[in-house]
Every structure is written in structure tokens, then in C-alpha cells.
Asker: 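Let me begin by handing over the structure; questions about it come next.
Each chain gets a letter, A, B and so on, in the order its sequence line appears, and its residues count up from 1. Keep in mind that what you see is a predicted model, and the values were worked out from it rather than measured.
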Amino acid sequence: MTTSQAANTVIVLDFETTGLSPNMGDRAIEIGAVKIDNGIVVDRFQQLMNPGFKVSSFIAGYTGITNQMLQHAPACDEVMDQFADFIAGYNLVAHNASFDQRFLDAELDSIGRSYDGQFACSMLIARRLYQQAPNHKLGSLVAYKDIDNDGVFHRALADSEMTAKLWLLMLEDLKSDHRITMPEFSVMQKLSRTAKASVTAYLKKQAC
DNA sequence: TGCCAGGCCCTCTTTAGGGCCTT
């Protein structure tokens, strides 16, 4: 992998977990990710993982991932070691990225691995671009933008696939308004970090 | 059995509070 390849490539990822907080003992139970290179999905990663304890009925109902499905899945450490290799050198995207970043950090810390990419958040960008959307949940944005999907939600690969489609659509919408110039990830990362009050001025500056 | 977090962002704000979003 060259530096230019990494600059044009992002990994869109999504975790399914036992709860909301790794600080409260929650663990990842599934990771899904797609690799986008210049607007094309070139690779995928999906793996269930055994957290070492039973998931609640709420999580099983929410995700469809049951304790039976996890019983013979490899341990988190093994899966996350493979995933660290998958994301090495690439920038990262997730919907509500602060959530996925917390679990990625916690799971990689536990095995002494790390990553060198930076995160951008598709939810924060969507809040800027699609202010008329009913809300900015991933499923709502998929419906609002009429994004093709197979009806599967709250599974890691399905959600990462839909987030990837949303990401590419937002890039196209920005390009069609002549609001962005390359490098795309840097612009999107700034949009997902810049306070709303300054976004309008930023976009106008991009359009000039 | 039931509950837990945290970052972003808006507003009836900034010495704060609460909704959104993720599982």
C-alpha cells in the first residue's frame, strides 16, 4: 500500500456491542466494515466475536445476534487482531463515530494494538447537509435519501454498507454544489468536527 | 430486575441543561 492509495481510501465500519459503554464493561460482538477506494467498495470485513459473557435479551432482539450465534464465534481478541490489520493505514468513517471509536479504542487497547487513521462522522456531516431530514438516525437517512438497501438493520456489515452509501452520496451532493475540493476525507472530517455556526462560512469558502 | 455513557449541538447558554445518536 502506498501513501497515495491510503489517501484515496476510507474504511467505513460499524460495531454491534453488548451495550453502550466499554467503560461499563460492554464488549463488541460483531464488526463489519467496507473499504472504499475512489468511490468503489473494494473489500469487506465481517465477523461475529464472543465477548466472554451472555448478551442481554434486549441486545439479542435489537441486533438479531443471539448467544447461540456467539457460542462458537472466535474471541474478541482474535477478531480485533485481524481487524487491526484490515484498517492499518486507512482513515475511518462511522455513523456516530464517537461510539464506534470508543469500542475500537477499548478493544485494540486490550490486545496492545492501535491504528493510525483518523475518524470522520457521517452523522455529524448529515446533520449539516440534510437539515430537513426528519432525524439523523442511519435508517432514517437511508429512507430520506432513498438509498438502496436490503432491509437489514442493526447488523454490522449491513449498517457499514449503508453508511458507505450515505458517505458517497454526501460527497456527491457536496461536489454537485461545488462546495468541496480534494482531498475529500479532509473536507468531510472538517465538516464532522466544525461547529455548525462556522460551517456555512466554510462551505462558502470552499465554493469560491 | 433494572439500570448504566459520552460527544455534539442547540438554546429559554456560556458558572447549564437537555435532546440526539450509537448498542
Asker: Under the 3.5 angstrom rule, does the side chain of A:D26 hit a backbone N or O of A:S21 as a donor-acceptor pair?
Answerer: yes
Asker: Is A:V142 linked to A:W167 within one hydrophobic cluster, defined over Ile, Leu, Val, Met, Phe, Trp and Tyr using a side-chain heavy-atom separation of less than 4.5 Å?
Answerer: yes
Asker: Side-chain heavy atoms nearer than 4.5 Å, only ILVMFWY residues, links allowed to pass through others: does that put A:V55 and A:F53 together?
Answerer: no
Asker: Grab the CG-P distance between A:L20 and B:dG7 for me, whole Å please.
Answerer: 14 Å
Asker: With a 6.0 Å cut-off (strictly less than), is the heavy-atom count around NZ of A:K35, excluding the residue itself, greater than 12?
Answerer: yes
Asker: Classify the side-chain pair A:D37/A:T9 by whether it contains a donor and acceptor separated by less than 3.5 Å.
Answerer: yes
Asker: Find the distance A:D26:CG to B:dT23:P and express it as a whole number of Å.
Answerer: 13 Å
Asker: May I have the distance from A:E30 (atom CD) to B:dT22 (atom C1'), rounded to whole angstrom?
Answerer: 15 Å
Asker: Just by distance, do the side chain of A:D100 and the backbone of A:F15 share a donor-acceptor pair under 3.5 Å?
Answerer: yes
Asker: Quick one, A:L174 and A:M188 - any side-chain contact, counting heavy atoms below 4.5 Å?
Answerer: yes
Asker: For a quick test of reading the model, state the closest non-hydrogen atom pair linking A:K54 to A:N67 and the distance between them.
Answerer: CA-OD1, 3.1 Å
Asker: Just to be sure I understand the rule, does A:L124 reach a base, reach only the sugar-phosphate, or reach nothing, if contact means heavy atoms closer than 4.0 Å?
Answerer: sugar-phosphate
Asker: What is the distance from CZ of A:F15 to C1' of B:dA5, rounded to the nearest Å?
Answerer: 16 Å
Asker: If you define the side chain from C-beta out and look only at heavy atoms, does anything of A:Y130 sit under 4.5 Å from A:L166?
Answerer: yes
Asker: Select base, sugar-phosphate, or nothing to describe what A:D100 touches, counting heavy atoms under 4.0 Å on all strands.
Answerer: nothing
Asker: If the C1' atom of B:dG17 is compared with that of B:dC12, how far apart are they to the nearest Å?
Answerer: 10 Å
Asker: With sugar-phosphate meaning primed atoms plus P, OP1 and OP2, does A:F103 contact a base, only sugar-phosphate, or nothing at under 4.0 Å between heavy atoms?
Answerer: nothing
Asker: Parallel under 30°, tilted from 30 to 60°, perpendicular over 60°: which one fits the rings of A:Y115 and A:F119?
Answerer: perpendicular
Asker: If you pin A:M24 and A:G19 to their nearest nucleotides in DNA chain B, which one's is more 5'?
Answerer: A:M24
Asker: Give a yes or no on whether A:L124 and A:V187 share a hydrophobic cluster (residues Ile, Leu, Val, Met, Phe, Trp, Tyr; joining criterion: side-chain heavy atoms under 4.5 Å apart).
Answerer: no
Asker: Is the shortest distance from a Lys or Arg side-chain nitrogen in A:R27 or A:D77 to a carboxylate oxygen in the other one below 4.0 Å?
Answerer: yes
Asker: Could you tell me how far B:dG19 sits from B:dT13 if I compare only their C1' atoms? Round to whole Å.
Answerer: 15 Å
Asker: Remember a base hit wins even if backbone is also touched, and classify A:T18 as base, sugar-phosphate or nothing at under 4.0 Å, heavy atoms.
Answerer: nothing
Asker: Expressed as a whole number of angstroms, how long is the span from A:M49:CE to B:dT23:C1'?
Answerer: 13 Å
Asker: Give me the distance, rounded to whole Å, that separates B:dC8 from B:dC4 when you measure between the P atoms they each carry.
Answerer: 22 Å
Asker: Mind running a 4.0 Å heavy-atom check of residues 139-168 of chain A against DNA chain B and sending the residues that fall below it, in number order?
Answerer: A:H154, A:D159
Asker: Quote, to the nearest angstrom, the C1' distance that separates B:dC3 from B:dT23.
Answerer: 15 Å
Asker: Does the side chain of A:S140 pick up a donor-acceptor pair with the side chain of A:N135 at under 3.5 Å?
Answerer: yes
Asker: In whole Å, what is the span from the CD atom of A:E107 to the C1' atom of B:dT23?
Answerer: 13 Å
Asker: When you compare B:dG18 with B:dT14, how far apart are their P atoms, in angstrom units rounded to a whole number?
Answerer: 13 Å
Asker: Could you go over nucleotides 19-21 of chain B and give all protein N or O partners under 3.5 Å, atom names and distances?
Answerer:
residue	atom	partner	partner atom	Å
B:dC20	O2	A:R127	NH2	3.3
B:dC21	OP1	A:H136	N	2.4
B:dC21	O2	A:N96	ND2	2.8

Asker: Once Watson-Crick and G-U wobble pairs under 3.5 Å are found, how is DNA chain B written in dot-bracket notation, 5' to 3', with | for any base paired to another strand?
Answerer: ....(((((((....))))))).
Asker: How close or far is atom P of B:dG6 from atom CG of A:D105, stated in whole angstroms?
Answerer: 13 Å
Asker: Could you measure between the two C1' atoms, the one in B:dC20 and the one in B:dT15, and give it in whole Å?
Answerer: 25 Å
Asker: Round to a whole Å and report the spacing from CG of A:D14 to P of B:dT22.
Answerer: 9 Å
Asker: Taking 4.0 Å as the cut-off, does a side-chain nitrogen or oxygen of A:N23 come that near to OP1 or OP2 on B:dC4?
Answerer: no
